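In what follows, a single structure is set out as structure tokens and then discussed.
Numbers for residues simply follow the sequence, beginning at 1. Read the numbers this way: they start at 1 and go in the same order the structure lists the ligands and their atoms. This one's a predicted model, so the numbers in the text were calculated from it and none came from an experiment.
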Amino acid sequence: HLRQKFLNSQAALTGVNFAIAETGGVVTVTNEGNANMGVHLSPIQIHSMGIEKVIPKAEHLGVFTRLLARNATGQQISVFTSHFHRPKPKGEMHIIIVDNGRSQQLGRTDFRNSLKCIRCGACLNTCPVYRLSGGHSYNATVPGPIGSVLGSLKKPDTYADLPFACTLCGSCRNICPVKIDLDHQLYAQRQKSLQTDTMKHKRVILKTAAKLMQHPKIFTFTGKVMRFVLPKLPKSILYHRKNIWARYRQMPEIPKHSFKELYQKEKDVQKR
Ligand code: SF4
């Protein structure tokens, strides 16, 4: 079915993994060969790329293609590394260079590092939050640690909560082949996100939590009250539309005892 569509196509549109300033050519990296097939079967080829995809010289390409394949899928090299330097005979070749907020990001000294991303996906695979919640839970074009940085920079209000979907464990920074300080950027972005309207409730909750944690007795008492009250609340209150946390999530079962009580109990058992 798809093969026939490819055979009849009049134009092929591909993304671009790297563009080489020295030669003017673009390179796509795939394991399926779909970009290759599309371009070779259509008279018109269109390549769409972000401005950050440009590398200086052809000699640098080897480093980047190896980094990309190794960190994306553990391969030494991807199955297809397709180079497009000129149109086919009687064909047309167009390159679309997209800015879409990237220049602005370049001007932000603490966040410009994220433009180095080669979209290998290694930070997603290592992220404990992504591994448990999956890509769709981010509700953004690019998920995972790099997606949280890019999304919240591009649309601070829409993605204000994404920088908080992070344990700050730093595993993403460790694995990133181009050394983007993702956890630092997420932490910095949290401070900015907290100023957005979307995070009004979170600001109040965090301030209250900070106050509670400074007073252990009140903290313990509040915990007891909540463990007693929460299981008795009707769903209409627990899942009220103002409770944005519960909009896409189910409340966990409320435990009967606090962690401190369980810990103490365990210690007492061990003493006996
Ligand atoms: S931020 Fe680093 S690890 Fe994550 S996708 Fe980009 S290059 Fe890969």
Next item on the list: State whether the side chain of Ser42 and the backbone N or O of Gly38 hold a donor-acceptor pair below 3.5 Å, judged by distance alone.
Entry: yes

Notebook entry, point to check: Number of protein N/O/S atoms less than 2.8 Å from atom 6 (Fe) of ligand 1?
Noted result: 1

Notebook entry, point to check: Side chain, backbone, both or neither: which part of Leu124 comes within less than 4.0 Å of ligand 1 when only heavy atoms are counted?
Noted result: neither

Notebook entry, point to check: Less than 4.5 Å apart, any side-chain heavy atom of Lys154 and any of Asn100?
Noted result: yes

Checklist line | Leu182 neighbourhood, listing ligand 1 atoms whose heavy-atom distance to it stays under 4.0 Å | finding: 1 (S)

Check: Is the number of heavy atoms from other residues, nucleotides or ligands within 6.0 Å of NE2 (His85) greater than 12?
Finding: yes

Next item on the list: Could you tell me whether a side-chain N or O of Arg272 sits under 3.5 Å from a main-chain N or O of Val269, the two making a donor and an acceptor?
Entry: no

Item checked: Nearest heavy-atom neighbours spanning Tyr138 and Ser148 -> CE2-OG, 3.6 Å

Next item on the list: Mind listing the closest non-hydrogen atom pair of Thr167 and Pro128 along with its distance?
Entry: OG1-CG, 4.0 Å

Check: How far apart are the closest heavy atoms of Glu261 and Lys256, and which atoms are they?
Finding: OE1-O, 4.4 Å

